[in-house]
Chemist: 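To start, I am sharing the structure in question, which I have written as structure tokens.
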Amino acid sequence: GTANPLNYTSTTTVYMPKFGVINVEKGAKLIVDGAKITNGCDAQWYGIKAYGDGVSPQNMIGGYYPNQGYVEIKNNGILSNAEEAFTNTGGSDSWNTGGIINANKGIFLNNRRSCQFIKYENIIGSTLYREKSKFIDCEFILDANHYQPFGNHITMWAVRGIEISGCNFSNGMNLDQNHEQAIYTIDASFDVKSSGTNISSFSSFYRAIASTSYSWANNSLFPISITGASFSRNEISIQLENMLYPTVVSNEIRVGAKQ
């Protein structure tokens with residue numbers, strides 16, 4: 001299905017066919033307000049593709065983003081059993097990237113990958129701004145009903161400053177199975193922190209957060225920050241490689257697989 005150039009709000013359960021895709025084109029909004037989008041048969045749907053324009057900024061005009069598709073998940077809206085529940089591009093190259101997701105009290109359940117971010121820089125004039133996508137008080141869940149190999153909850157490549165506040169990342173699968181990462185990034189940055197009294201937490205992953213190759217020389221703005229989070233039952237809680245000036249402070253890391 002395609003949403004353009006309209007504002008479509010889902011408040012009920014939507015069942016998607018095998019490999020089904022929801023395309024949110026530039027200037028369109030898809031709002032999942034307490035609703036659920038899931039598979040309608042014993043096979044995964046593909047997910048939501050938010051189109052963008054890789055060379056245009058994420059500027060809102062008249063309540064819409066004319067250069068980006070916009071997806072909002074709120075009030076315990078659920079995206080489940082998808083191959084790629086959300087991706088910030090509608091194409092195969094950087095000209096289509098920059099789509100936006102704003103998830104506040106969203107639930108990402110049993111997806112192979114919950115969110116994928118492909119290379120995009122939010123530049124206005126000559127100034128780089130923080131990426132507009134954000135996750136606040138969200139649940140990223142993998143449980144016994146997950147029936148395909150798990151990849152990662154969130155992956156990023158060459159995006160800057162995505163906010164992840166008060167989110168819980170959990171893995172209820174057997175730890176002997178392939179349990180990968182909660183967050184995996186290459187040349188990208190993000191800000192993991194609390195949302196009010198809700199801390200971000202990571203439980204039962206091979207690597208809870210794994211990031212590589214984000215250099216201060218590449219960009220002096222928005223270095224990786226991980227503050228006030230809780231890590232338990234992970235083989236590796238935080239792994240940062242080829243990284244300059246990250247901030248990792250006030251986190252609780254429980255060592256060992258059976259706390």
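In this text, all values refer to a predicted model and were calculated from it rather than measured experimentally.
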Chemist: Check the surroundings of atom OH in Tyr46: do more than 12 heavy atoms from other residues, nucleotides or ligands lie under 6.0 Å from it?
Modeler: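 Result for OH/Tyr46: enclosed.
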Chemist: Checking side-chain hydrogen bond (donor to acceptor under 3.5 Å, both in side chains) between Thr155 and each of Gln116, Arg113, Gln181, which is the one that passes?
Modeler: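 When side-chain hydrogen bond (donor to acceptor under 3.5 Å, both in side chains) is applied between Thr155 and each of Gln116, Arg113, Gln181, only Arg113 qualifies.
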Chemist: At their closest point, which heavy atom of Ser232 faces which heavy atom of Arg254, and how far apart are they?
Modeler: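 Where Ser232 meets Arg254 most closely, the heavy atoms are CB-CD, 4.1 Å.
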Chemist: Kindly indicate, with the supporting measurements, whether the criterion side chain to side chain contact (heavy atoms under 4.5 Å, CB included) is fulfilled by Tyr70 and Val24.
Modeler: CA-CA 7 Å; Tyr70 176 85; Val24 184; 5.7 Å; no
Chemist: Testing Leu142, Ile141, Ile164 for side chain to side chain contact (heavy atoms under 4.5 Å, CB included) with Phe169, which one passes?
Modeler: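 Only match with Phe169 under side chain to side chain contact (heavy atoms under 4.5 Å, CB included): Ile164.
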Chemist: Is there a donor-acceptor pair under 3.5 Å between the side chain of Ser213 and the backbone N or O of Asp187?
Modeler: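 Judged by distance alone, no pair lies under 3.5 Å.
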Chemist: Closest approach of Gly69 and Ala50, non-hydrogen atoms and distance?
Modeler: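 That would be O-CB, 3.8 Å.
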Chemist: Using modelled atom types only, decide if a donor and an acceptor are shared between the side chain of Asn234 and the backbone of Ser204 within a distance under 3.5 Å.
Modeler: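 Side chain of Asn234 to backbone of Ser204: a pair is present.
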Chemist: Would you check if there is a donor-acceptor pair between the side chains of Thr97 and Thr89 at a distance under 3.5 Å?
Modeler: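 No, no side-chain donor-acceptor contact under 3.5 Å.
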Chemist: To the nearest 0.5 angstrom, please state how far the CD1 atom of Ile118 sits from the CE atom of Met156.
Modeler: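 Between Ile118 CD1 and Met156 CE, I get 12.0 Å after rounding to 0.5 Å.
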Chemist: Mind checking whether Ile238 and Phe190 sit in one hydrophobic cluster, side chains of I, L, V, M, F, W, Y counted as touching below 4.5 Å?
Modeler: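 Ile238 and Phe190: one cluster.
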Chemist: Taking it one step at a time, do Ser225 and Thr247 satisfy side chain to side chain donor-acceptor pair (under 3.5 Å)?
Modeler: CA-CA 5 Å; Ser225 178; Thr247 298; 4.8 Å; no
Chemist: Using a strict threshold of under 4.0 Å (side-chain N to carboxylate O), is an ion pair present between Asp191 and Lys134?
Modeler: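 Answer for the salt bridge query: no.
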Chemist: Can you check whether Lys74's main-chain N or O pairs, donor with acceptor, with Lys105's side chain at less than 3.5 Å?
Modeler: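 Looks like no, no N/O pair under 3.5 Å.
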Chemist: Compare every heavy atom of Gly99 with every heavy atom of Ser133, then report the nearest pair and how far apart it is.
Modeler: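 Shortest heavy-atom separation between Ser133 and Gly99 comes out as OG-O, 3.8 Å.
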Chemist: Are side-chain heavy atoms of Ile124 and Tyr129 found at a separation under 4.5 Å?
Modeler: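 Contact flag for Ile124/Tyr129 side chains = yes.
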Chemist: Hey, is the main chain of Ile22 close enough, under 3.5 Å, to the side chain of Trp45 for a donor-acceptor pair?
Modeler: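 Looks like no, no N/O pair under 3.5 Å.
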Chemist: Does the side chain to side chain donor-acceptor pair (under 3.5 Å) test come out yes or no for Ser195 and Ser165, once each step is laid out?
Modeler: CA-CA 5 Å; Ser195 169; Ser165 299; 5.8 Å; no
Chemist: If you look at every heavy atom in Phe231 and Ala208, which pair is closest and at what distance?
Modeler: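 The answer is CD2-CB, 3.7 Å.
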Chemist: Any luck finding a side-chain donor-acceptor pair between Asn110 and Asp143 under 3.5 Å?
Modeler: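 Short answer, yes.
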Chemist: Is the side chain of Asp53 donor-acceptor paired with the backbone N or O of Val55 at a distance under 3.5 Å, no angle test?
Modeler: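 Confirmed, Asp53 side chain pairs with Val55 backbone.
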Chemist: What's the separation between atom OG1 in Thr11 and atom NZ in Lys36, rounded to the nearest 0.5 Å?
Modeler: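 Answer rounded to 0.5 Å: 15.0 Å.
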Chemist: Determine, using the 4.5 Å side-chain heavy-atom cutoff (strictly less than), whether Ile101 and Ile48 are members of one ILVMFWY cluster.
Modeler: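 Hydrophobic grouping puts Ile101 with Ile48.
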Chemist: Side-chain heavy atoms under 4.5 angstrom apart, residues restricted to Ile, Leu, Val, Met, Phe, Trp, Tyr: same cluster for Tyr65 and Val32?
Modeler: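 Tyr65 and Val32: separate clusters.
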Chemist: Considering all heavy atoms of both residues, which atom of Ala188 and which atom of Ala158 are nearest to each other, and what is their separation?
Modeler: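 Reported closest heavy-atom pair: CB-N, 3.7 Å.
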Chemist: Should Arg112 and Glu84 count as side-chain neighbours, where that means a heavy-atom distance under 4.5 Å?
Modeler: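 Of all side-chain heavy-atom pairs linking Glu84 with Arg112, at least one is under 4.5 Å.
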Chemist: To the nearest 0.5 Å, tell me how far Asn122 CG sits from Glu131 CD.
Modeler: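 So the CG of Asn122 and the CD of Glu131 are separated by 6.5 Å.
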Chemist: For Ser189 and Pro223, which heavy atoms make the closest approach, and how far apart are they?
Modeler: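 For Ser189 and Pro223, the tightest heavy-atom pair comes out as CB-C, 4.2 Å.
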Chemist: Can you tell me if Ser200 uses its side chain to pair, donor with acceptor, with the backbone of Cys167 under 3.5 Å?
Modeler: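 Yes; at least one donor-acceptor contact below 3.5 Å.
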Chemist: In terms of relative ring orientation, are Phe140 and Phe108 parallel, tilted or perpendicular, with 30° and 60° separating the classes?
Modeler: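 Ring orientation, 0 to 90° scale: parallel.
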Chemist: So, taking the atom named CD1 in Ile209 and the one named CD1 in Ile224, what distance separates them when rounded to the nearest 0.5 Å?
Modeler: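 Between Ile209 CD1 and Ile224 CD1, I get 8.5 Å after rounding to 0.5 Å.
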Chemist: If I take atom CD1 from residue Ile162 and atom CZ from residue Phe135, how far apart are they, to the nearest 0.5 angstrom?
Modeler: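 Nearest 0.5 Å value for the CD1-CZ distance: 6.5 Å.
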Chemist: Heavy atoms, side chains only, cut-off 4.5 Å: are Met243 and Glu241 in contact?
Modeler: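 The answer is no; the side chains never approach within 4.5 Å.
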Chemist: My understanding is that only residues two or more places apart in sequence, or in another chain, count here; which of them pass ring-ring contact (aromatic ring centres under 6.0 Å, His included) with Phe86?
Modeler: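 For Phe86 the ring-ring contact (aromatic ring centres under 6.0 Å, His included) partners, ignoring immediate neighbours, are Phe117.
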Chemist: Tyr184 and His153: aromatic ring centres closer than 6.0 Å?
Modeler: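 No, they do not, as the ring centres are separated by 6.0 Å or more.
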Chemist: Are any non-hydrogen side-chain atoms of Asn251 and Ile226 less than 4.5 angstrom apart?
Modeler: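 They are in contact (side-chain heavy atoms under 4.5 Å apart), so the answer is yes.
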Chemist: Examine Ile136 and Phe202 and state if one hydrophobic cluster contains both, with Ile, Leu, Val, Met, Phe, Trp and Tyr joined whenever side-chain heavy atoms are less than 4.5 Å apart.
Modeler: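 Different clusters.
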Chemist: Side chains of Ser201 and Asn168: is there a donor and an acceptor less than 3.5 Å apart?
Modeler: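 The answer is yes; a qualifying pair exists.
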Chemist: Determine whether a donor-acceptor pair (N or O, by modelled atom type, separation under 3.5 Å) exists between the side chain of Asn111 and the backbone of Ala82.
Modeler: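 Flag set: sc Asn111 to bb Ala82 pair under 3.5 Å.
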Chemist: In terms of side-chain geometry, is the basic nitrogen of Lys29 or Glu72 positioned less than 4.0 Å from the acidic oxygen of its partner?
Modeler: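 Between Glu72 and Lys29 there is no salt bridge, as every charged N stays at least 4.0 Å from the carboxylate O atoms.
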Chemist: Would a hydrophobic clustering, with Ile, Leu, Val, Met, Phe, Trp and Tyr connected at side-chain separations under 4.5 Å, put Met16 with Leu79?
Modeler: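 In one cluster: yes.
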Chemist: Determine, step by step, whether Glu121 and Arg160 satisfy the side chain to side chain contact (heavy atoms under 4.5 Å, CB included) criterion, reporting the C-alpha distance in whole Å, the side-chain angles of both residues, the deciding distance to 0.1 Å, and the verdict.
Modeler: CA-CA 7 Å; Glu121 292 184 332; Arg160 316 297 179 198; 3.4 Å; yes
Chemist: Rounded to the nearest 0.5 Å, how far apart are CD1 of Ile253 and OG of Ser237?
Modeler: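 Spacing of CD1 (Ile253) from OG (Ser237) equals 5.0 Å.
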Chemist: If only atom types and distance count, is the side chain of Ser250 paired as donor or acceptor with the main-chain N or O of Thr227 below 3.5 Å?
Modeler: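 Side chain of Ser250 to backbone of Thr227, a donor-acceptor pair under 3.5 Å: no, none is there.
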Chemist: Give a yes or no on whether the backbone of Ala28 and the side-chain of Gln68 come within a donor-acceptor separation of less than 3.5 Å.
Modeler: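 Answer holds: no.
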Chemist: With no hydrogens and no angle check, just 3.5 Å: does a side-chain donor-acceptor pair link Asn39 and Asn81?
Modeler: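 Checked: Asn39/Asn81 side chains pair up, N/O donor to acceptor below 3.5 Å.
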